[in-house]
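Order of appearance sets the numbers: ligands from 1, and atoms from 1 within every ligand. No experiment lies behind these values; they were computed from the predicted model shown.
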Amino acid sequence: MTAPSFRRQGILFVISAPSGTGKSTLCGNLRATPDFIYSVSCTTRSPRPGETDGADYHFLSTEQFESRIKAGEMLEYAKVHQNYYGTLLAPVKKALEEGTDVLLDIDVQGASAIRSCSDALIRSSLVDVFIMPPTIDELERRLRKRGTESEEQIRMRLDRGREEMRNWRLYRYTILSGSMEEDLTKFRAIMRAERYLSSRLTLV
Ligand code: 5GP
């Protein structure tokens, strides 16, 4: 008897966490593996030192961003910290159809838009994970350590962080953030289990 072989639809891993939690570093570590393709978001915010257009974000003007919304090119978008952020639909859909997993680093509004998306493939592919900072004080410490935001921006991000933390229950998984290694181990455990879900497999 020949061994059965399976084909699997791609998984859409969505990670949300208050700004400063360490999510970008976590996603950076995950990106360094061949496990997923990372969806590069569009944003109207200015690049931070060291950020590259096309790798960290597609940096767009407000007019360019709004014309993409009008053209129906966005899977989801939201205004975060007074700037637009959004995910392009076409590359995500193509990857999922090909059985490739996709990683999205988006805020709670974006995650909520994807949960109620009209596209059945997107909804059935979704695995959403919330990374919870240990405490607000620790979040503030991590944000200040990064040293890229003004005092006003830090305040704004902390206020928004508190708001975002109220939404953790909407996510399928919640990871209480510890060290980067611990967060990675926990995320990988989720990733492995989700890949064996029978409902995602087709016998070929
Ligand atoms: P930052 O300015 O620190 O890079 O990102 C600020 C926030 O925007 C983070 O919470 C991040 O998850 C969120 N974000 C980044 N890309 C997207 C996106 O494509 N859509 C949405 N809704 N949020 C995003």
Side-chain angles (χ1 to χ4, degrees), residues 12-31 36-62 64-66 68-69 71-93 95-96 102-117 119 122 126-133 136 139-140 142-150 152-168 170-171 173-175 177 183 187:
L12 182 57
F13 288 102
V14 165
I15 299 191
S16 301
S19 176
T21 307
K23 178 189 44 168
S24 304
T25 319
L26 177 71
C27 290
N29 276 300
L30 293 167
R31 278 175 83 170
F36 338 77
I37 63 150
Y38 178 78
S39 164
V40 178
S41 294
C42 300
T43 184
T44 57
R45 87 147 159 74
S46 321
R48 293 194 188 113
E51 284 185 331
T52 317
D53 187 36
D56 297 289
Y57 282 105
H58 300 292
F59 294 99
L60 304 180
S61 66
T62 303
Q64 287 170 324
F65 199 105
E66 288 177 344
R68 289 187 168 219
I69 298 174
E73 290 176 26
M74 303 313 253
L75 163 59
E76 62 73 36
Y77 66 93
K79 257 206 165 149
V80 185
H81 312 133
Q82 296 167 349
N83 283 299
Y84 277 122
Y85 290 81
T87 310
L88 292 168
L89 174 62
V92 171
K93 239 190 130 160
L96 294 176
V102 181
L103 183 64
L104 293 188
D105 162 358
I106 62 176
D107 85 318
V108 294
Q109 304 169 76
S112 156
I114 294 182
R115 275 182 219 114
S116 53
C117 169
D119 188 310
I122 299 279
L126 175 65
V127 173
D128 46 354
V129 183
F130 191 80
I131 316 283
M132 178 74 104
I136 280 283
L139 184 64
E140 181 166 357
R142 291 184 191 183
L143 261 178
R144 290 192 185 284
K145 192 170 147 217
R146 187 160 86 181
T148 48
E149 271 82 26
S150 66
E152 192 199 340
Q153 284 170 330
I154 289 176
R155 289 280 136 229
M156 202 160 75
R157 282 172 185 253
L158 279 174
D159 285 347
R160 202 183 141 72
R162 278 190 201 94
E163 187 63 40
E164 292 201 302
M165 283 157 75
R166 293 195 193 104
N167 288 279
W168 67 273
L170 299 175
Y171 288 72
Y173 297 100
T174 296
I175 292 176
S177 180
D183 293 0
F187 185 83

Ring geometry between Phe13 and Phe36 (parallel below 30°, tilted from 30 to 60°, perpendicular above 60°): perpendicular

Passing candidate, side-chain hydrogen bond (donor to acceptor under 3.5 Å, both in side chains) with Glu140, options Lys145, Arg157, Arg155: Arg155

Nearest-contact summary for atom 22 (N) of ligand 1 - protein heavy atom, Å: Asp107 OD1, 2.7 Å

Closest approach of Ile136 to Leu158 (non-hydrogen atoms, all atoms of both residues): O-CD2, 4.3 Å

Which residue and heavy atom of the protein sit nearest atom 19 (O) of ligand 1, plus the separation: Ser41 OG, 2.7 Å

Main-chain N/O of Phe59 paired with Asp53 side-chain donor or acceptor, under 3.5 Å: yes

Sub-3.5 Å N/O-N/O distance, Ala78 and ligand 1: no

Side chain, backbone, both or neither: the part of Glu76 lying under 4.0 Å from ligand 1 by heavy atom: side chain

Within reach of ligand 1, part of Met74 (heavy-atom separation under 4.0 Å): neither

Whether Tyr84 and Tyr77 hold their rings parallel, tilted or perpendicular, with breakpoints at 30° and 60°: perpendicular

Heavy-atom nearest option to atom 6 (C) of ligand 1, drawn from Tyr84, Tyr85, Tyr77: Tyr85

Distance filter under 4.0 Å to Asp105 heavy atoms, resulting ligand 1 atoms: 11 (C), 12 (O), 14 (N), 15 (C), 16 (N), 17 (C), 24 (C)

4.0 Å heavy-atom contact, Lys23 with ligand 1: yes

Numbering as shown, the atoms of ligand 1 that approach Gly110 to under 4.0 Å (heavy-atom distance): 22 (N)

Top protein contact for atom 5 (O) of ligand 1, by heavy-atom distance: Tyr57 OH, 3.4 Å

Donor on one side chain, acceptor on other, Ser177 and Arg142, under 3.5 Å: yes

Region of Arg157 that comes within reach of ligand 1 [heavy atoms, distance under 4.0 Å]: side chain

Derivation of the side-chain contact (heavy atoms from CB on, under 4.5 Å) call for Phe187 and Asn29: CA-CA 11 Å; Phe187 185 83; Asn29 276 300; over 6 Å; no

Proximal ligand 1 atoms for Val80, defined as those under 4.0 Å from one of its heavy atoms: 7 (C), 8 (O)

Those atoms of ligand 1 less than 4.0 Å from some heavy atom in Gly86: 18 (C), 19 (O), 20 (N)

Gln109 near ligand 1 by a heavy-atom separation under 4.0 Å: no

Geometric N/O contact Glu51 with ligand 1, under 3.5 angstrom: no

Name of the residue among Arg162, Arg166, Arg160 meeting side-chain hydrogen bond (donor to acceptor under 3.5 Å, both in side chains) with Glu164: Arg160

